[in-house]
**Q** 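Dropping the structure in here first, questions after.
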Amino acid sequence: MDLVLTEDQEFIRKTAADFVEEKSPVSRFRELRDKQDATGFSRELWKEMADLGWAGIPYAEDVGGADMGFAELAVVLEELGRALAPEPFLSTVLLAGQALALSGNQALAKEWLTKICAGEAVLAVAYQEARSRYDLDAIETQAVKDGTGFKLSGEKVQVLDGHVADAILVSAKADGGVKLFLVPAGAAGLTITRQARLDDRNAALVALDGVSVGADAVVGDGALLANVVDRATVGLCAEMLGGMQQALDLSLEYLKTRKQFDVVIGSFQALKHRAADVFIEIELCKSAVMAAARAIDAGAPDTAKLVSVAKAKCSDAYVLATNEGVQFFGGVGMTDEYDIGFYMKRARAAELSFGDAAFHRDRWATLSGY
Amino acid sequence: MAELDDYRADTRSWLDENCPQSLRAGGGGSLYGITGGKKFNPKNPDERVWLERGAEKGLTAPTWPTEYGGGGLSKEQNKILLQCMRELKTPPPLVGFGLTMIGPTLLQYGNDAQKAEHLPNIVQGKIRWCQGYSEPGAGSDLAGLQCRAVEDGDEYVINGSKIWTSNADEADWIFCLVRTDPDAKKQEGITFLLIDMEQPGVTVRPIPLISGSSPFCETFFDDARAHQRNVIHKKNAGWTVAKALLGHERTMIADAFGVGGGGSRLSLADRARKYLPESADGRVSDAALRSEIAQMEIDSKAFGLTVQRSKDAAKAGHQPGPESSMFKVYGTELNMARHELMVRIAGPQALGWEGEGFEDEELQLTRDWLRTRGNSIEGGTSEVQRNIIAKRVLGLPD
Ligand SMILES: Cc1cc2nc3c(=O)[nH]c(=O)nc-3n(C[C@H](O)[C@H](O)[C@H](O)COP(=O)(O)OP(=O)(O)OC[C@H]3O[C@@H](n4cnc5c(N)ncnc54)[C@H](O)[C@@H]3O)c2cc1C
């Protein structure tokens with residue numbers, strides 16, 4: 001597993017970078033935010049991305065996928081992360097898509113993965129609750145046996161893309177363990193309320209009041225969900241890697257142009273050294289993300305540990321790069337007009353998703369037997 | 001693949017036959033490794049045996065060309081060799097600045113005669129080298145050095161002094177930066193010169209350190225002499241060579257310190273178990289310390305992966321950039337932080353200096369920790385490395 005891009009991966013990266021530059025600069029994200037867009041992303045662009053094959057990168061050819069892996073997906077997500085593209089990769093391709101791909105429920109998997117790869121469906125996974133923090137098992141939503149099926153009741157929070165999802169995969173306690181159920185968006189007893197987050201990404205409250213599903217709605221169990229979240233974490237880390245690099249690039253541009261005391265501020269050593277430290281942390285993140293993505297593709301035994309390395313490093317580095325970024329910009333860094341603030345907010349949201357650095361340090365220790 | 005498997009099998013059996021028993025399983029060797037040189041006088045005579053056998057097999061400089069006594073190994077073979085030696089927990093048959101600094105620099109900038117004269121002596125551990133860069137007035141601002149060399153017939157006559165010369169008291173030759181044109185711009189009047197220390201004009205005075213040992217010295221040149229054939233590259237072009245060597249030095253430091261190095265035999269968690277109260281669940285009982293240990297291991301892992309990425313990129317034909325500065329800063333600071341952590345884990349048992357009441361390992365830890373404080377100074381300070389990154393990588397102005 002060499003930690004370099006292959007020619008094919010380099011080509012994908014270039015395609016994604018060009019696409020982002022042409023069609024998805026940060027100004028697009030700003031417009032969506034300014035007009036309080038009802039969808040929260042561009043369905044047209046999402047379709048275009050799917051047509052480029054990106055939604056199907058890690059999925060089999062018989063559902064319309066490209067049969068590649070996380071190494072390739074990470075390359076695309078990194079470029080999207082540079083421009084804060086809000087299309088539903090995390091919710092639909094990473095969380096829901098991986099859950100379906102790993103599921104033993106062939107019928108559900110085939111139906112929905114085909115739509116995902118074609119860019120024709122948005123899916124969400126509702127795993128988080130108000131008090132569950134990062135523990136996937138610490139949930140109160142219940143699945144009660146009802147004939148051959150189940151009745152689901154409970155409340156989920158910050159469900160990514162929940163208000164635009166065609167179906168939601170809901171985690172609930174069933175028979176003492178956790179199970180994941182597919183609930184169609186229009187199901188009776190389902191109430192979805194859009195939430196507003198600091199990073200202006202789609203999130204929703206999902207309330208379930210005795211929602212009925214059949215036995216064929218079961219996607220998998222708690223172990224599957226944990227595995228899916230690990231995989232999604234690596235995808236998120238790739239996005240974060242792009243974001244932190246862009247934050248540094250924006251900062252460097254400013255450091256080289258803004259003048260005070262008759263010189264550019266980038267000549268001040270106090271700022272240079274901070275920029276150098278941000279650079280180093282980003283380089284470490286690059287290696288960690290590449291290694292984790294390749295470990296998933298290879299089914300390596302130390303995958304979980306590498307996921308924790310990546311998320312611990314990326315959480316701290318993205319926050320560092322953006323906190324320092326605002327400081328580099330001085331007063332204008334605090335204004336809504338400058339993009340650096342967007343990155344700082346996204347860094348927080350990403351840090352506090354799927355476990356922050358402290359959570360992953362503890363997990364590393366557990367996995368290492370201490 | 002099959003070839004590499006064969007290589008692994010051959011190497012294992014060769015090591016099993018040739019590596020002295022007393023140097024296996026992490027025991028019996030000198031603390032700072034097998035250094036060679038004319039003054040080499042190990043307590044354990046097996047060290048000399050191991051040096052000689054290793055040198056004959058080309059294992060002292062595994063990746064150097066065979067014509068100079070190297071092993072001629074590919075990167076993959078070398079990786080396997082290092083793994084096999086790690087399995088045996090045996091020290092490398094030779095360490096030192098010859099292998100890590102002047103050797104690679106000679107391979108890059110030396111002429112055929114220079115390579116033929118010096119490389120075999122390095123490989124066989126016959127000559128030990130030291131580094132004459134820093135002077136009392138020229139540290140970070142290395143190009144400000146004053147030590148003079150003046151031509152006299154076929155020779156140079158050298159006058160001046162060097163400081164912080166690690167192991168000068170045990171070295172045979174010194175690679176030196178000397179000023180050969182005092183009127184040129186400071187970088188342009190420097191020559192890279194090799195000097196035999198076995199002559200009346202060279203004297204050495206050890207300097208005691210805070211760690212209690214005296215591994216480095218002041219080196220004085222008083223009409224010392226060196227033949228002109230010992231100029232590397234060209235007269236007044238020494239700065240180019242000096243920078244190339246610093247690149248090798250930084251890579252070496254990063255390799256040695258970054259990835260769980262620092263000579264630690266016990267894992268951090270096992271150290272914590274030794275010094276902290278037992279916990280019912282077998283976890284390290286102090287949650288804050290546990291988190292620090294995990295952070296240290298995660299940072300080390302990410303750093304190790306970054307070193308690997310840079311090697312993979314080199315293998316794929318990408319030019320290495322000024323990233324050796326990044327490895328120098330991060331690798332050394334990581335090593336220092338690791339030692340700080342080990343000291344805090346050991347608690348009051350880390351306060352011993354010598355004598356009763358402390359284990360040897362504990363006394364060693366105290367000294368090692370003090371020694372690591374020099375990591376961010378030697379080989380170019382962390383501040384200087386950050387300057388280099390800001391300028392060369394990030395393009396920030398002076
Ligand atoms: C353990 C050890 C082994 C060594 N071995 C050798 C050896 O074998 N051979 C050899 O030649 N030398 C050796 N050295 C010397 C080493 O290379 C120098 O100590 C080092 O280059 C720093 O120089 P200095 O000590 O004069 O400190 P100074 O240059 O005086 O630095 C003092 C402080 O000022 C800071 N500073 C200086 N310039 C700048 C700047 N431009 N920007 C920001 N901060 C700055 C430094 O970072 C440092 O914090 C060794 C040093 C140590 C500690």
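Below, chain A is the first sequence line, B the second, and so on; all start at residue 1.
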**Q** Using non-hydrogen atoms only, which part of B/Ile293 is less than 4.5 Å away from chain A: side chain, backbone, both, or neither?
**A** both
**Q** Ignoring hydrogens and geometry, is there a side-chain-to-backbone donor-acceptor pair from B/Asp312 to A/Val4 under 3.5 Å?
**A** no
**Q** On a heavy-atom basis, which atom in A/Val309 and which in B/Ala302 lie closest, and how many Å separate them?
**A** CG1-CB, 4.2 Å
**Q** Might you point out which heavy atoms bring A/Leu284 and B/Phe303 nearest each other, and give the distance in Å?
**A** CD2-N, 4.0 Å
**Q** With a 4.5 angstrom heavy-atom cut-off, could you sort out which part of B/Ile389 is near chain A: side chain, backbone, both or neither?
**A** side chain
**Q** Where does B/Lys315 contact chain A at under 4.5 Å (heavy atoms): side chain, backbone, both or neither?
**A** side chain
**Q** Counting heavy atoms not belonging to B/Lys391, are there more than 12 under 6.0 Å from its NZ?
**A** no
**Q** Would B/Asp299 and A/Lys313 pass as an ion pair if we require N to O under 4.0 Å?
**A** yes
**Q** What's the verdict on salt bridge (charged side-chain N to carboxylate O under 4.0 Å, His left out) for B/Arg283 and A/Asp362, showing C-alpha distance, side-chain angles and the deciding distance?
**A** CA-CA 11 Å; B/Arg283 302 193 74 178; A/Asp362 191 65; 3.5 Å; yes
**Q** Does any heavy atom of chain A fall under 4.5 Å from the side chain of B/Glu383, the backbone, both, or neither of them?
**A** both
**Q** Restricting to non-hydrogen atoms, name the atom on A/His360 and the atom on B/Ile298 that form the minimum distance, rounded to 0.1 Å.
**A** O-CD1, 4.2 Å
**Q** Could you tell me whether B/Glu297 and A/Arg361 make a salt bridge, using a distance below 4.0 angstrom between a side-chain N and a carboxylate O?
**A** no
**Q** What is the minimum heavy-atom distance between B/Asn387 and A/His273, and which atoms define it?
**A** OD1-NE2, 2.6 Å
